[in-house]
There are 4 protein chains.
Amino acid sequence: MKKNISSQEKDQKIQHITECAEKIFYEKGFEDTSMDYIAMKADVAKGTLYLYFTSKKDLYYAVVLRGLKKLEAMIVQHTQKFKTGFEKTYEMARMYIEFFYSHREYYEFIVEYESHRAKDAEVNPFVRACYKESGKLFEILCAYITQGKEDKSIKESILPQKDSLVFWIQTVGLLQQLYLKEKLYKNMTDITSSEIIERHIEMIASFLKNDSTGQEG
Amino acid sequence: MKKNISSQEKDQKIQHITECAEKIFYEKGFEDTSMDYIAMKADVAKGTLYLYFTSKKDLYYAVVLRGLKKLEAMIVQHTQKFKTGFEKTYEMARMYIEFFYSHREYYEFIVEYESHRAKDAEVNPFVRACYKESGKLFEILCAYITQGKEDKSIKESILPQKDSLVFWIQTVGLLQQLYLKEKLYKNMTDITSSEIIERHIEMIASFLKNDSTGQEG
Amino acid sequence: MKKNISSQEKDQKIQHITECAEKIFYEKGFEDTSMDYIAMKADVAKGTLYLYFTSKKDLYYAVVLRGLKKLEAMIVQHTQKFKTGFEKTYEMARMYIEFFYSHREYYEFIVEYESHRAKDAEVNPFVRACYKESGKLFEILCAYITQGKEDKSIKESILPQKDSLVFWIQTVGLLQQLYLKEKLYKNMTDITSSEIIERHIEMIASFLKNDSTGQEG
Amino acid sequence: MKKNISSQEKDQKIQHITECAEKIFYEKGFEDTSMDYIAMKADVAKGTLYLYFTSKKDLYYAVVLRGLKKLEAMIVQHTQKFKTGFEKTYEMARMYIEFFYSHREYYEFIVEYESHRAKDAEVNPFVRACYKESGKLFEILCAYITQGKEDKSIKESILPQKDSLVFWIQTVGLLQQLYLKEKLYKNMTDITSSEIIERHIEMIASFLKNDSTGQEG
DNA sequence: TATGAATGAGTCTTCATTCAT
DNA sequence: AATGAATGAAGACTCATTCAT
């Protein structure tokens, strides 16, 4: 009868480390975070880190993946309360943004990890998982818009594939900007982040929404 | 009136170093660039670098600032060829995007330096100058939109301050996303960056453009 | 009389571990072999290794000892087929060399463990056993030469103690050299290891052999 | 007028570090020597080590090379005092052995560095230089034996290439054995290293020497 | 007996910064 | 003003050994 720490215990340990690492990476970014510090904060020896993660990058991507999964869960759960494609699309955007406010720490990763792109993408399983996760999110959005056209809540002229991608990128980019340059934008005007986001959503909604619903019927 | 290396000579030296550093930072990014290497490429001693820049970051921000200034020059020069506020606004967006394609190296900085934001912002004069430079650009956009409302090329309902900020951020964010996540987006669909940008500009234009020009007057 | 893992079972375990370790040490050398890897390959827990061996070095010397014992067995078995002291001596040399070709892995140890010499010699029982084992081998050689003088197959002028030691050391050294510096020697000339060994044996044989057997008496 | 520490000063520094490293490598061997310790003993910062040597191995091979060069110098200088090929050959062997006694520290390297062979051989300039240096030594020996055959001081039957290689390897191997296993051999008999060496040289000399000199003329 | 998770000292290496010249 | 040798703190990662179970 081996000692074999139960898979459960092991998962707890992994989660514990990931959580600690998350906070630190969030505060300091990848480069300015040392394995020593993570170990200290997680209250384990440095070697233990390497027991569960093969490298610093590995641990980092594990954290990113965790954020993406939480995001997906939130979105899926929330949007299923709504009916029309327009509503679902609209709520998904809201949700994504909501996530930005309530989990800024994940957003940090989602933003930053991209700079480690390319090279790692092919080899690291965590990176691959991250890409896959992002893909899922996009497919959901795309599906909602398609549905919206079918149920007439979204304009006929909208191109689901292309426009969902444009909205997606605009929104991600906008949030990233607000996140990164809060300070800069504060210096420019006295308009708040919330106002900017609202206006952004308004623009998208007005572009999507089918106002002539039922008229022709 | 002896050796007194003329202020001119000094400026030349600074410019020379900045140019060399720029190329290297572009290729390798901040973390992967060493002062040793910059010194070697600039053909000066490492100590000389510290004669003109107080730290590696200082030199980095000097490079960023240089990029921003070039960008501003390009935009100002180009937009003055156009008349209406709408055209100027539209061309400014085009110009910004054009810059993205023709000077990816500066864009790299504009994107990357943001990650060092905050902490340095208050203290480093170069960072302050960068912020100021960005502010200028925004003010130009804002002025164009205002002008557009006056000359009726832009809708009455547009809010110059707020909407220019939204467009600005959307555009910067979109480009940043395309830059950082090219690979990711390529995996998602087969729509090209150009197509995304075009659609983005279309959306903004359609939101801004006053189609009822003069009609009701 | 309960669990009492029989001494036999214990010995089997020790042997199993030693065998596994042997292969690995051979392939990778002492420094590049980790206890983790040995444990994995032996299919036991790392802790188990320390149950039977007090340290990595201990395990290493156990492996060396094993090699020496095999060598001794081979030599003893082979030489008893021959009669005269000269033949026995000659065959012992041949055997030692044969061992070198057919069990390079043991040779590796015999060579390498020497570098850890001295320090460990006094304390480690395995090291002591190794020394003792080597002593046995030498005594056998010495006895053969003595016998050779008695049976007139070996020259009268040979000094059994001293010359057996010289031959012994020459041969061990020669093989070690060939083993370590194959590459180097290959660069120097195009003479093969076999040729060198043959010539070496010829020299020794010519030095030992009594050609005037009984003739002049 | 640059500061440019004169090439001389630089060489002194390199020599100083090499000397310190030599002692330590000698005492502890490659693996058990740390760059930290070398730096401490050399009274420089660790970084300084890397200013002059690209890696630990590099420094190590630099030390080995130094030993080989000293050895060559000693041999060349000494043997030129002698006339016949036999004498030169004989004195070269003596000299090599003498070196063994007076510079045991170099011998350690000459012996040990072989274990790092192969892999580094192609890339590291120091390793290449070591190989080259060893080659020189062998060629000298070979030339002496050839000369000996010409001047009739060495037997006609000797094969310069092959036999010089055999002697060379025997001698190197013998010394290595004495060096490594002093302790072991001391346990076996009470014959001293000197006696063993003397007998070894006797054997070689008797094999080489042409006793029938001039007889037939 | 056997396990294997945990440890943490120790390794090589890098590089921004300083300072004597 | 310019140099570049010297520094040493900091980094990621390894692995023999221990010990609670």
Side-chain angles (χ1 to χ4, degrees), chain A residues 1-6 9-10 13 31-40 43-59, chain B residues 2-5 9-10 13 31-40 43-59, chain C residues 2-5 9-10 13 31-40 43-59, chain D residues 1-6 9-10 13 31-40 43-59:
Chain A
M1 198 167 297
K2 320 264 176 111
K3 219 289 265 346
N4 232 340
I5 257 195
S6 66
E9 272 178 87
K10 187 175 167 176
K13 201 107 206 180
E31 297 283 359
D32 293 343
T33 294
S34 76
M35 292 300 265
D36 264 289
Y37 192 69
I38 294 173
M40 193 197 82
D43 215 34
V44 296
K46 207 188 328 188
T48 308
L49 261 32
Y50 287 89
L51 218 53
Y52 297 104
F53 303 93
T54 61
S55 69
K56 187 184 172 187
K57 276 225 171 117
D58 213 56
L59 175 50
Chain B
K2 292 194 108 184
K3 230 293 266 344
N4 224 342
I5 259 197
E9 273 179 83
K10 186 175 167 175
K13 201 114 204 177
E31 297 284 357
D32 292 344
T33 295
S34 75
M35 293 298 265
D36 262 289
Y37 193 68
I38 296 174
M40 191 197 82
D43 214 35
V44 296
K46 214 189 325 188
T48 309
L49 259 33
Y50 286 88
L51 219 54
Y52 296 104
F53 303 94
T54 63
S55 71
K56 188 185 172 187
K57 277 227 169 116
D58 211 58
L59 174 51
Chain C
K2 295 193 103 186
K3 235 290 274 333
N4 223 343
I5 258 193
E9 273 179 81
K10 187 174 166 176
K13 201 114 203 177
E31 297 285 355
D32 293 342
T33 294
S34 74
M35 293 299 265
D36 262 288
Y37 192 68
I38 294 173
M40 193 198 80
D43 215 36
V44 296
K46 214 186 331 184
T48 308
L49 261 32
Y50 286 88
L51 220 53
Y52 296 105
F53 303 93
T54 62
S55 71
K56 188 185 173 187
K57 277 228 170 117
D58 212 56
L59 175 50
Chain D
M1 198 167 297
K2 320 265 177 107
K3 219 292 262 352
N4 230 341
I5 256 193
S6 66
E9 271 178 86
K10 188 175 167 176
K13 201 108 205 177
E31 297 283 359
D32 293 343
T33 294
S34 76
M35 292 299 264
D36 263 289
Y37 192 69
I38 294 173
M40 194 198 82
D43 214 36
V44 296
K46 210 191 322 192
T48 308
L49 259 33
Y50 286 89
L51 219 53
Y52 296 104
F53 303 93
T54 61
S55 69
K56 189 185 172 186
K57 276 230 170 113
D58 214 56
L59 175 49

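Here is how names work: the chains are called A, B, and so on, in the same order as the sequence lines, proteins then strands, and each is numbered from 1.
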Closest non-hydrogen contact found for B:A45 with B:A39 is C-CB, 4.0 Å
Got a second to check how far A:K56's NZ is from A:M35's CE, nearest 0.5 Å?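 A:K56 atom NZ to A:M35 atom CE measures 8.0 Å (nearest 0.5 Å).
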Can you tell me how far the OG1 atom of A:T33 sits from the OH atom of A:Y37, to the nearest 0.5 Å?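 The OG1 atom of A:T33 sits 9.0 Å away from the OH atom of A:Y37.
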Tell me which of C:K13 and B:M35 sits closer to the 5' end of DNA chain E, going by the nucleotide each one is nearest to. C:K13
Of B:G47 and A:T48, the one whose nearest nucleotide on DNA chain E sits closer to the 5' end is A:T48
Find the distance [X]:[atom1] to [N]:[atom2] and express it as a whole number of Å.
X	N	atom1	atom2	result
C:L59	F:dT17	CG	P	11 Å
B:D58	E:dA16	CG	P	14 Å
C:M40	F:dA16	CE	C1'	17 Å
C:E31	E:dT11	CD	P	11 Å
D:F53	E:dT14	CZ	P	16 Å
D:D36	F:dA10	CG	P	14 Å
A:K56	F:dG11	NZ	P	8 Å
A:D32	F:dA12	CG	C1'	15 Å

Whether A:Y52 contacts E:dA6 is assessed here as follows: a side-chain N or O lying under 4.0 Å from the phosphate OP1 or OP2. Is that the case? yes
Identify, between C:T54 and B:D43, the residue whose nearest nucleotide on DNA chain F lies closer to the 5' end. B:D43
For B:L51 and D:L51, find the nucleotide of DNA chain F closest to each by heavy atoms; which residue's nucleotide sits nearer the 5' end?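 Comparing both residues, the 5'-ward one is B:L51.
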Choosing from E:dT13, E:dA5, E:dA16, which nucleotide comes nearest the side chain of D:S55? E:dT13
Select one nucleotide: of E:dA16, E:dC12, F:dG8, the one nearest the side-chain heavy atoms of B:Y50.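 Of E:dA16, E:dC12, F:dG8, E:dA16 is nearest to the side chain of B:Y50.
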Tell me which one of B:I38, B:D32, B:D36 satisfies side-chain contact (heavy atoms from CB on, under 4.5 Å) with B:S34. B:D36
Holding to side-chain contact (heavy atoms from CB on, under 4.5 Å), I want the full list of residues that pass it with C:T54, two or more places apart in sequence or in another chain. C:D58
Give the dot-bracket string for DNA chain E, reading 5' to 3', where a pair is Watson-Crick or G-U wobble with both distances under 3.5 Å, ( ) marks pairs inside the strand, [ ] marks pairs crossing earlier ones, | marks a partner on another strand, and . marks unpaired. .||||||||||||||||||||
With a 4.5 Å cut-off on side-chain heavy atoms, are B:L51 and B:K13 touching? no
Can a donor-acceptor pair under 3.5 Å be found between the side-chain atoms of C:K46 and the base atoms of E:dT3?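 Answer no: no donor N or O sits under 3.5 Å from an acceptor.
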